[in-house]
Amino acid sequence: QVQVVESGGGLVQPGGSLTLSCAASGSIYNVRDMGWYRQAPGNQREFVARITAGGSTRYADSVKGRCTISRNNAENTAYLQMDDLKPEDTAVYYCKARILQSFFDTGDDYWGQGTQVTVSS
């Protein structure tokens, strides 16, 4: 059994900052890529950022320069530091983790339930 749980969302004023956390737990042998996605009302879920186990990162153009993704491999956690938040960043933010449950496993993608981020004055 594997669980992915996000936390850290909330209400913030434009220009403010938030840090989201993603924790993977359960029967885990190894965690490969971890990524953040978001979905605003009426929109499709979109990519925000991802980080490999080795620390390589990639960002969506819409958040480049304002967001920083990081991870702690020992704790199977990932973080998304978001600065200079804008109203258009309002969305439910989801974490996705590629998790292997054994040495022979090729891995599966696990999603969390999401955490709401609202940017409003």
Side-chain angles (χ1 to χ4, degrees):
Q1 200 77 328
V2 172
Q3 254 193 325
V4 175
V5 179
E6 305 95 337
S7 61
L11 173 64
V12 62
Q13 293 188 338
S17 298
L18 273 179
T19 299
L20 306 182
S21 300
C22 169
S25 62
S27 179
I28 296 174
Y29 171 76
N30 186 259
V31 182
R32 298 284 172 82
D33 289 11
M34 299 185 79
W36 288 95
Y37 294 74
R38 67 186 182 186
Q39 187 168 17
N43 289 0
Q44 290 190 331
R45 192 171 298 188
E46 64 176 9
F47 168 78
V48 176
R50 76 105 168 97
I51 184 167
T52 67
S56 295
T57 59
R58 183 167 67 91
Y59 297 92
D61 288 342
S62 59
V63 304
K64 205 171 289 184
R66 300 188 297 118
C67 289
T68 303
I69 188 170
S70 60
R71 65 187 287 169
N72 181 327
N73 288 338
E75 297 185 355
N76 294 327
T77 57
Y79 306 93
L80 185 69
Q81 169 73 36
M82 302 188 293
D83 300 312
D84 189 24
L85 283 161
K86 306 175 188 301
E88 51 264 40
D89 294 316
T90 295
V92 177
Y93 283 70
Y94 297 90
C95 177
K96 183 178 77 170
R98 183 79 172 179
I99 295 173
L100 283 65
Q101 293 190 273
S102 73
F103 177 81
F104 302 101
D105 190 8
T106 56
D108 291 293
D109 289 331
Y110 292 84
W111 291 87
Q113 292 299 305
T115 185
Q116 177 71 48
V117 172
T118 302
V119 185
S120 174
S121 54

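Both backbone and side-chain heavy atoms feed into the values below; hydrogens, waters and symmetry mates do not.
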Within the supplied structure, the quantity of interest is the number of heavy atoms (other residues, nucleotides, ligands) at a distance under 6.0 Å from Glu88 CD; does it exceed 12?
yes

Give, for atom CD of Gln39 and atom CD of Gln44, the distance between the pair rounded to the nearest 0.5 Å.
8.0 Å

Is the shortest distance from a Lys or Arg side-chain nitrogen in Asp33 or Arg50 to a carboxylate oxygen in the other one below 4.0 Å?
yes

CH2 of Trp36 to OH of Tyr59: how many Å apart, nearest 0.5 Å?
12.5 Å

The test is side-chain contact (heavy atoms from CB on, under 4.5 Å); show your working for Leu20 and Met82 and say whether it passes.
CA-CA 8 Å; Leu20 306 182; Met82 302 188 293; 3.9 Å; yes

For Asp105 and Gln101, indicate whether the former's side chain and the latter's backbone hold a donor-acceptor pair under 3.5 Å.
yes

Taking the side chain from Glu6 and the backbone from Cys22, do they hold a donor-acceptor pair closer than 3.5 Å?
no

Sole candidate of Asn43, Thr90, Asp89 that passes side chain to side chain donor-acceptor pair (under 3.5 Å) when paired with Arg38
Asp89

Name all pairs fulfilling the side chain to side chain donor-acceptor pair (under 3.5 Å) condition that reach into residues 71-81, sequence neighbours left out, sorted by first residue then second.
Thr19-Gln81, Arg71-Asn73, Thr77-Tyr79, Gln81-Asp83

Can you confirm whether more than 12 heavy atoms, excluding those of Glu46, are under 6.0 Å from its CD atom?
yes

Could you grab the distance from atom SG of Cys95 to atom CD1 of Ile69, nearest 0.5 Å is fine?
7.5 Å

Is it true that Tyr110 and Leu100 fall in one hydrophobic cluster, defined by side-chain heavy atoms closer than 4.5 Å?
no

Would you sort out whether Val4 and Ile99 count as a side-chain contact (heavy atoms from CB on, under 4.5 Å), showing the intermediate values?
CA-CA 10 Å; Val4 175; Ile99 295 173; 4.2 Å; yes

Determine the minimum heavy-atom distance between Pro14 and Ser121, stating which atoms define it.
CD-N, 3.7 Å

As a quick check of understanding, evaluate side-chain contact (heavy atoms from CB on, under 4.5 Å) for Val12 and Ser17, giving each step before the final call.
CA-CA 7 Å; Val12 62; Ser17 298; over 6 Å; no

If you round to the nearest 0.5 Å, how far is CD1 of Ile28 from CD of Gln3?
10.0 Å

Taking NZ, NE, NH1 and NH2 as the nitrogens, is one of them in Asp61 or Lys64 under 4.0 Å from a carboxylate oxygen of the other?
yes

Specify the closest pair of heavy atoms between Ile51 and Ser70, including all atoms of both residues, with the distance to one decimal.
CD1-CA, 3.8 Å

Under a 3.5 Å distance rule, please check whether Ser27 uses its side chain to pair with a backbone N or O of Gln1 as donor and acceptor.
no

Determine yes or no for a side-chain-to-main-chain donor-acceptor pair under 3.5 angstrom, with Arg32 supplying the side chain and Arg98 the backbone.
no

Measure the CG-NZ distance between Asp109 and Lys96 for me, rounded to the nearest 0.5 Å.
4.5 Å

Given a cutoff of under 4.5 Å between side-chain heavy atoms of I, L, V, M, F, W and Y, with clusters grown through shared members, what are the other residues clustered with Tyr94?
Tyr37, Phe47, Val92, Trp111

Look up atom OG1 in Thr115 and atom CG in Leu18, then write down how far apart they are to the nearest 0.5 Å.
8.5 Å

